[in-house]
A.B. asks: 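Below you'll find the structure I mean.
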Amino acid sequence: MSIKFNYGYAKQFIRENDLKGLEAQVESAHNIINSKSGLGNDFLGWVNLPVDYDRDEFARIKKAAEKIRNDTDILIVIGIGGSYLGARAAIEFLKGPYYNSLRNGAPEIYFSGNSISGSDLADVLKLCEGKRVSVNIISKSGTTTEPAVAFRVFRKYLEELYGEEEAARRIYCTTDKARGTLKQLADEKGYECFVVPDDVGGRFSVLTAVGLLPIAAAGADIDKLMQGAAVAVNKYNNPDISRNDCYIYAALRNAFYRKGKSVELLVSYEPRFTMMSEWFKQLFGESEGKDNKGLFPASVTFSTDLHSMGQFIQDGSRVMFETVVTFNETDKDIIIEQEQNNGDGLNFLAGKNMSYVNRKAFEGTVLAHTDGGVPNLVISVDRPDEENLGELIYFFEKACAMSGYILGVNPFDQPGVENYKKNMFALLGKPGYEAQKAELEVRLGKN
């Protein structure tokens, strides 16, 4: 088990003093994280979570997941942002993007409540026809619009299909421990509840019940997932930047940002990593993008996107650097065979497996892009298993907190997210927003 970080392809773009000059800030941020004395310090529960989690609830999660696997054909996971991205990313990382067709006895898992699309919700309902269905609703408050609307629809669907008593046995709530609309409803109806910790924000919550229940329901080994993260707690807790890959990565991000590299492009060469990239974008985008600061997190999957975005990366404006995630081993592979007529000209690849070809695509691309002026950082993952995923999740979470503090922002709030909600509520006519509605409608009419 190992995650390794390599910045050799980026050394030509930085000076020795670039990292040296950040050492004091890294050490200061390290102390702030460990002492919980900085901005947003009441949301640092994730730091020691992999070694200090609720074992009793963990056992209940595994028991509930086993029940779901035995009595459920389709599990609907309702949540938005950090309430679904981590779980979906982990499932696809471990099981592949075609999980629902290759699930080997586990339930199909569909994620809903992450948009306000009626057609999307109707399609998911259609998928449920004739199937045994359970629901995991994930919401701290129970009033966030997108998941609340979806849960209202699915709760009615289950109650009409099974009756209230059986429906209650098929609804699992991941919510606040003691308060909130969803917790109150769960207590009234008798839904089994799991806790969204008060000191863990949504985008850092994948290793809590928020992510663990769906991941376990998919048949993944969450004990090994937590073991990998527990290794990372110790591995990435050295304040010496020269001995901590996580901190070097965080420092380099800030060094490039100060040199005008305003976009970080997360790159993978495996489609199974695509949703991890989406999780990464929320983690860093919501943590750093404030006070008119922050790198813009973007992502591509190669070699697919080399045929669409490759031209811009190679020859476009020099505003970005790449962070590439590679796998040393894959769990499945295909060997390219010899063909007699060699019509496609590929016999030179005969006898080689596709992972070898994929590796050469990475090597050729990283050299081309660095030659074109795009720095490349490389994170190597041994294999796509639970232990490596646990370490990788923690690596990014710790780097995000470190990077945010170096940048000088609170990595754990998201004040800008509320602005669109206030406008939407006013335009929908929510009570208490009447005066704002008239003003917004006038503004819309002028455009």
A.B. asks: Around atom NZ of Lys421, are there more than 12 heavy atoms of other residues, nucleotides or ligands at under 6.0 Å?
C.D. replies: yes
A.B. asks: So, Tyr236 and Glu391: side-chain donor and acceptor under 3.5 Å apart, yes or no?
C.D. replies: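 Yes, because at least one side-chain N or O of Tyr236 sits under 3.5 Å from a partner of the opposite role on Glu391.
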A.B. asks: For the residue pair Asn34 and Asn31, confirm or rule out a side-chain donor-acceptor distance under 3.5 Å.
C.D. replies: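 Judged by distance alone, the side chains do not pair up.
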A.B. asks: So, applying side-chain contact (heavy atoms from CB on, under 4.5 Å) with Glu270, which one of Asn358, Thr301, Thr326 is it?
C.D. replies: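 Among Asn358, Thr301, Thr326, the one meeting side-chain contact (heavy atoms from CB on, under 4.5 Å) with Glu270 is Asn358.
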A.B. asks: Does Asn136 reach the side chain of Ile76, with side-chain heavy atoms less than 4.5 Å apart?
C.D. replies: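 Answer no - side chains too far apart.
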A.B. asks: Is His369 close to Gln314 at the side-chain level, that is, under 4.5 Å between some pair of heavy atoms?
C.D. replies: yes
A.B. asks: Does a donor on one side chain sit under 3.5 Å from an acceptor on the other, for Lys67 and Tyr172?
C.D. replies: yes
A.B. asks: Decide whether Asn244 and Asn237 meet the rule of one side-chain donor and one side-chain acceptor closer than 3.5 Å.
C.D. replies: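 There is no such pair (donor and acceptor under 3.5 Å, judged by atom type) between the side chains of Asn244 and Asn237.
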A.B. asks: Examine Phe93 together with Phe327 and report whether their ring centres are nearer than 6.0 Å.
C.D. replies: yes
A.B. asks: With a cut-off of 6.0 Å (strictly less than), are more than 12 heavy atoms of other residues, nucleotides or ligands near NZ of Lys352?
C.D. replies: yes
A.B. asks: For Val77, which of Asn114, Ile91, Ile138, Thr174 qualifies under side-chain contact (heavy atoms from CB on, under 4.5 Å)?
C.D. replies: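 Filter result, single survivor: Ile138.
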A.B. asks: Does either side chain, that of Ser117 or that of Ser115, offer a donor lying less than 3.5 Å from an acceptor on the other one?
C.D. replies: no
A.B. asks: Between Lys20 and Glu23, is the closest basic N to carboxylate O distance under 4.0 Å?
C.D. replies: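 Yes, Glu23 and Lys20 are salt-bridged.
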A.B. asks: Should the pair Arg60 and Phe58 be classed as cation-pi, given the thresholds of under 6.0 Å to the six-membered ring centre and 45° from the axis?
C.D. replies: no
A.B. asks: Testing the 3.5 Å rule here: is there a donor-acceptor pair between the side chains of Asp333 and Ser355?
C.D. replies: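 Result is yes, a qualifying pair exists.
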A.B. asks: Restricting to pairs with a member in residues 203-225, which pass side-chain hydrogen bond (donor to acceptor under 3.5 Å, both in side chains), not counting sequence neighbours?
C.D. replies: Lys62-Asp223, Arg203-Glu286, Arg203-Ser287, Arg203-Gln414
A.B. asks: Just wondering, are more than 12 heavy atoms of other shown residues or ligands nearer than 6.0 Å to CG in Leu102?
C.D. replies: yes
A.B. asks: Going by ring-ring contact (aromatic ring centres under 6.0 Å, His included), Phe256 matches just one of Phe321, Tyr249, Tyr7, Phe13. Which one?
C.D. replies: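 Among Phe321, Tyr249, Tyr7, Phe13, the one that satisfies the ring-ring contact (aromatic ring centres under 6.0 Å, His included) with Phe256 is Phe321.
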A.B. asks: Surrounding CZ of Arg179 (heavy atoms of other residues, nucleotides or ligands, distance under 6.0 Å), is the total greater than 12?
C.D. replies: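 Counting neighbours around CZ of Arg179, 12 or fewer heavy atoms of other residues, nucleotides or ligands fall under 6.0 Å, so no.
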A.B. asks: How far apart are the closest heavy atoms of Ile109 and Ala218, and which atoms are they?
C.D. replies: CD1-CB, 3.8 Å
A.B. asks: Roughly how far, to the nearest 0.5 Å, is CG of Leu389 from CD1 of Ile222?
C.D. replies: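 Interatomic distance, Ile222 CD1 to Leu389 CG, rounded to 0.5 Å: 12.5 Å.
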A.B. asks: Taking the side chain as everything from C-beta on, heavy atoms only, tell me whether Val149 gets closer than 4.5 Å to Ile116.
C.D. replies: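 A side-chain contact under 4.5 Å is absent here.
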A.B. asks: Might you work through the salt bridge (charged side-chain N to carboxylate O under 4.0 Å, His left out) test for Lys235 and Asp245, ending with a clear yes or no?
C.D. replies: CA-CA 9 Å; Lys235 184 175 178 179; Asp245 283 352; over 6 Å; no
A.B. asks: I'd like to know if the side chain of Asn353 reaches the main chain of Tyr356, judged simply by a donor and an acceptor atom lying under 3.5 Å from each other, with no hydrogens or angles considered.
C.D. replies: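 Flag set: sc Asn353 to bb Tyr356 pair under 3.5 Å.
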A.B. asks: In terms of the angle between their ring planes, are Trp46 and Phe204 parallel, tilted or perpendicular, with boundaries placed at 30° and 60°?
C.D. replies: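 Correct class here is parallel.
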A.B. asks: May I ask you to decide if Val319's main-chain N or O and Ser317's side chain share a donor-acceptor pair within less than 3.5 Å?
C.D. replies: no
A.B. asks: Does a side-chain heavy-atom distance below 4.5 Å link Lys398 with Tyr247?
C.D. replies: yes
A.B. asks: Take Asp199 and Lys36, measure what salt bridge (charged side-chain N to carboxylate O under 4.0 Å, His left out) needs, and give me the verdict at the end.
C.D. replies: CA-CA 11 Å; Asp199 57 356; Lys36 298 184 178 181; 5.1 Å; no
A.B. asks: Counting neighbours of NZ on Lys422 that are heavy atoms of other residues, nucleotides or ligands and sit closer than 6.0 Å, is the number greater than 12?
C.D. replies: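 No, not enclosed.
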A.B. asks: Under 3.5 Å, which donor-acceptor pairs link side chains of residues 402-409 to any protein atom two or more places apart or in another chain?
C.D. replies:
{"residue": "Ser403", "atom": "OG", "partner": "Arg253", "partner atom": "NH1", "Å": "2.7"}
{"residue": "Ser403", "atom": "OG", "partner": "Asn254", "partner atom": "ND2", "Å": "2.9"}
{"residue": "Ser403", "atom": "OG", "partner": "Glu288", "partner atom": "OE2", "Å": "2.6"}
{"residue": "Tyr405", "atom": "OH", "partner": "Leu39", "partner atom": "O", "Å": "2.6"}

A.B. asks: What I want to check is whether the side chains of Asp382 and Asn328 have a donor and an acceptor closer together than 3.5 Å.
C.D. replies: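 Asp382 vs Asn328: donor-acceptor pair found between side chains.
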A.B. asks: Could you point out which residue of Lys95, Arg272, Arg383 forms a salt bridge (charged side-chain N to carboxylate O under 4.0 Å, His left out) with Asp331?
C.D. replies: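 Testing Asp331 for a salt bridge (charged side-chain N to carboxylate O under 4.0 Å, His left out) against Lys95, Arg272, Arg383 leaves exactly one candidate, Arg272.
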A.B. asks: If you define the side chain from C-beta out and look only at heavy atoms, does anything of Cys246 sit under 4.5 Å from Phe396?
C.D. replies: no
A.B. asks: Less than 4.5 Å apart, side chain to side chain, heavy atoms only: is that true for Leu44 and Phe412?
C.D. replies: yes
A.B. asks: Check for me whether Lys281 meets the cation-pi criterion with Phe284, that is, NZ or CZ under 6.0 Å from the six-membered ring centre and within 45 degrees of the ring axis.
C.D. replies: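 Lys281 over Phe284 ring: no.
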A.B. asks: Quick one, Arg318 and Lys261 - any side-chain contact, counting heavy atoms below 4.5 Å?
C.D. replies: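 Side-chain contact under 4.5 Å: yes.
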A.B. asks: Look only at the side chain of Asn376 and the backbone of Val374, and say whether a donor-acceptor pair between them is shorter than 3.5 Å.
C.D. replies: yes
A.B. asks: Counting C-beta onward and ignoring hydrogens, is there a side-chain heavy-atom pair between Asn347 and Glu339 closer than 4.5 Å?
C.D. replies: yes
A.B. asks: Counting neighbours of CD on Gln12 that are heavy atoms of other residues, nucleotides or ligands and sit closer than 6.0 Å, is the number greater than 12?
C.D. replies: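 Counting neighbours around CD of Gln12, more than 12 heavy atoms of other residues, nucleotides or ligands fall under 6.0 Å, so yes.
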A.B. asks: Between Ser28 (side chain only) and Ala24 (backbone N and O only), is there a donor and an acceptor less than 3.5 Å apart?
C.D. replies: no
A.B. asks: Ignoring hydrogens and geometry beyond distance, is a side-chain donor-acceptor pair present between Glu264 and Thr323 at under 3.5 Å?
C.D. replies: yes
A.B. asks: Are the side chain of Ser141 and the backbone N or O of Thr143 linked by a donor-acceptor pair below 3.5 Å?
C.D. replies: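 Between the backbone of Thr143 and the side chain of Ser141 there is a qualifying donor-acceptor contact (under 3.5 Å).
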A.B. asks: Flag the pair Asp18 and Arg258 as a salt bridge only when some basic side-chain nitrogen lies within less than 4.0 angstrom of an acidic carboxylate oxygen.
C.D. replies: no
A.B. asks: Identify whether the distance between the nearest side-chain nitrogen and carboxylate oxygen of Lys183 and Asp176 falls below 4.0 Å.
C.D. replies: no
